[in-house]
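Right, one structure below, let's go through it.
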There are 2 protein chains.
Amino acid sequence: MARPREFDREAALQRAIDMFRLKGYEGTSMKDLLDTMEIGRQSLYDTFGDKHALFLECLKHYAKKGRESSLGPLLDADGGLKAIEHYFKKTATMMCKVPHRSCLVINTAIELSESDSEEGQIVNQFILQLHGAFSEALRVAKNKGEASFADLDATAWNFTNSAMGFGPMSRAGIPAAALQSAADQLIASIKTH
Amino acid sequence: MARPREFDREAALQRAIDMFRLKGYEGTSMKDLLDTMEIGRQSLYDTFGDKHALFLECLKHYAKKGRESSLGPLLDADGGLKAIEHYFKKTATMMCKVPHRSCLVINTAIELSESDSEEGQIVNQFILQLHGAFSEALRVAKNKGEASFADLDATAWNFTNSAMGFGPMSRAGIPAAALQSAADQLIASIKTH
DNA sequence: CATATACTTGACCATTTGGTCAATAATGAA
DNA sequence: TTCATTATTGACCAAATGGTCAAGTATATG
């Protein structure tokens with residue numbers, strides 16, 4: 001019925017995500033987006049709305065993918081400690097890949113001006129979901145006899161907090177080995193011997 | 001010999017620090033700075049140089065104060081676990097105060113574009129120094145029999161990483177109680193019973 | 001083929017950005 | 001008091017910002 005678009009919407013969105021991860025919302029100009037997404041100005045506005053709408057879609061898309069690929073395994077019925085180990089290994093590797101883009105959710109948490117904005121709620125919810133996923137994996141680990149700890153909720157917050165720490169650490173150029181050793185020690189500290 | 005300045009340089013710098021903590025480097029406009037510092041445009045440029053120079057001075061000043069007030073106690077000869085507990089309590093309280101300004105070092109770590117820039121080096125060094133301070137406090141704690149762990153370096157990285165996590169967590173509006181419980185669990189996990 | 005529909009292109013725009021300049025005002029030393 | 005020195009003020013500026021408009025172009029369906 002009409003002319004089909006010449007670019008791949010999904011691919012363009014992914015490139016925008018990478019750009020926002022690298023430079024942040026304010027730090028990314030429309031020119032940056034146009035160049036990296038390789039689409040025309042009007043195509044961008046027609047397809048994604050304005051800069052803020054595009055950013056919101058990027059954030060939502062990124063969070064959704066993160067939930068599926070990272071939180072999913074933690075919620076697996078027989079995940080336990082193995083799943084947690086895998087989570088940190090994967091996350092450390094992802095974040096320390098150069099250029100250090102860190103994680104869009106963490107970066108946005110730092111950059112957001114009002115925590116009750118829409119992006120603030122997305123970030124907040126994601127963190128709560130991560131906490132929930134850790135809670136579940138830790139509960140399983142305890143049940144399996146792999147781990148021991150007094151306070152499940154506090155332990156889950158400790159793990160969540162550690163995951164958040166990877167953002168600033170990787171961005172600051174702290175080597176992946178250090179992040180990995182931090183996670184190793186974190187896990188070792190609850191492992192039953 | 002000449003007209004003295006009408007404003008307090010130190011106070012103006014402190015206000016600039018608060019502004020940068022709240023909105024970040026890119027997110028803070030010269031107008032924001034002028035308003036909050038309550039000085040004239042030319043006074044700012046004459047006294048602090050351009051925006052980037054001002055930011056750098058803020059970051060250095062903030063890092064120096066942080067070293068003195070936060071890292072100092074950790075390096076205390078008889079600090080040990082008590083000093084670590086105090087560090088996290090103080091940090092959590094400071095970061096969760098509304099409006100959530102987080103920590104300028106952590107915020108800058110996330111915002112910086114190239115990690116080999118001058119601000120990147122300041123941030124990187126600060127983190128390494130924090131790691132060093134944790135190492136020392138943990139060593140003391142172990143010597144005193146307060147704590148037990150296998151790998152000092154890895155444990156120090158775990159603690160450093162947790163401190164970094166407070167930035168995104170607090171900014172995202174996660175309650176102070178959750179941060180505190182994370183720290184409590186972190187410490188409990190190495191405490192000798 | 002015709003045409004409605006929607007993508008693409010590039011010119012254009014108001015606003016805000018960080019930053020400068022020149023004129024004025026105030027002060028301490030000679 | 002004079003005057004060199006420095007602070008303050010407000011006008012000004014070029015560049016970049018995010019965003020819009022209108023004209024042209026391509027395509028699937030009737």
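Just so it is clear, the values below take in all heavy atoms, side chains as well, and ignore hydrogens, waters and symmetry mates. This one's a predicted model, so the numbers in the text were calculated from it and none came from an experiment. Numbers restart at 1 for each chain; the letters A, B, ... are given by sequence-line order, proteins then strands.
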Please give, in whole Å, the distance from [N] [atom2] to [X] [atom1]?
{"X": "A:Q42", "N": "D:dT25", "atom1": "CD", "atom2": "C1'", "value": "14 Å"}
{"X": "B:I39", "N": "D:dT6", "atom1": "CD1", "atom2": "P", "value": "18 Å"}
{"X": "A:Y45", "N": "D:dG18", "atom1": "OH", "atom2": "P", "value": "7 Å"}

Could you identify which residues of residues 48-58 of chain A place a heavy atom less than 4.0 Å from some atom of DNA chain C, listed by residue number, or say none? none
Expected output is a numbered-order residue list: members of residues 16-38 of chain A with a heavy atom under 4.0 Å from any atom of DNA chain C. What is it? none
Under the ring-ring contact (aromatic ring centres under 6.0 Å, His included) rule, collect the residues that match up with A:H131, sequence neighbours excluded. A:W157
Tell me every residue that passes ring-ring contact (aromatic ring centres under 6.0 Å, His included) with A:F134, counting only those two or more places apart in sequence or in another chain.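 Partners of A:F134 by the ring-ring contact (aromatic ring centres under 6.0 Å, His included) criterion, ordered by chain and then number, come out as A:Y87, A:F88, A:F159.
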I'd like a table of donor-acceptor pairs (distance under 3.5 Å, sequence neighbours excluded) in which one partner is a side-chain atom from residues 52-68 of chain A, with atom names and distances.
{"unit_1": "A:H52", "atom_1": "NE2", "unit_2": "A:E119", "atom_2": "OE1", "d": "3.3"}
{"unit_1": "A:H52", "atom_1": "NE2", "unit_2": "A:E119", "atom_2": "OE2", "d": "3.0"}
{"unit_1": "A:E57", "atom_1": "OE1", "unit_2": "A:R9", "atom_2": "NH2", "d": "3.4"}
{"unit_1": "A:E57", "atom_1": "OE2", "unit_2": "A:R9", "atom_2": "NH1", "d": "2.6"}
{"unit_1": "A:E57", "atom_1": "OE2", "unit_2": "A:R9", "atom_2": "NH2", "d": "3.3"}
{"unit_1": "A:K60", "atom_1": "NZ", "unit_2": "A:E118", "atom_2": "OE2", "d": "3.1"}
{"unit_1": "A:H61", "atom_1": "NE2", "unit_2": "A:E10", "atom_2": "OE2", "d": "2.9"}
{"unit_1": "A:K65", "atom_1": "NZ", "unit_2": "A:Q14", "atom_2": "OE1", "d": "3.4"}
{"unit_1": "A:R67", "atom_1": "NH1", "unit_2": "A:Q129", "atom_2": "OE1", "d": "3.3"}

Should B:L33 and B:F20 count as side-chain neighbours, where that means a heavy-atom distance under 4.5 Å?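 They are in side-chain contact.
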Could you note down all residue pairs passing salt bridge (Lys or Arg N to Asp or Glu O under 4.0 Å) where residues 31-45 of chain B supplies at least one of them, sequence neighbours left out?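 For residues 31-45 of chain B, and leaving out neighbouring residues, the salt bridge (Lys or Arg N to Asp or Glu O under 4.0 Å) pairs sorted by first residue read B:R15-B:E38, B:K23-B:D32, B:K31-B:D35.
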Could you work out, with salt bridge (Lys or Arg N to Asp or Glu O under 4.0 Å) as the rule, every residue matching B:K191, not counting sequence neighbours?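 Listed in chain order: B:E85.
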Who pairs with A:E111 by salt bridge (Lys or Arg N to Asp or Glu O under 4.0 Å), at least two apart in sequence or on another chain? none
Hey, is the side chain of B:S43 poking within less than 4.0 Å of OP1 or OP2 on D:dA7, counting only N and O atoms? no
Name all pairs fulfilling the ring-ring contact (aromatic ring centres under 6.0 Å, His included) condition that reach into residues 91-119 of chain A, sequence neighbours left out, sorted by first residue then second.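 Non-adjacent pairs meeting ring-ring contact (aromatic ring centres under 6.0 Å, His included): zero.
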Heavy atoms from C-beta onward define the side chain here; which of C:dG19, D:dT20, C:dT8 lies closest to that of B:R41?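 So the side chain of B:R41 is nearest to C:dG19.
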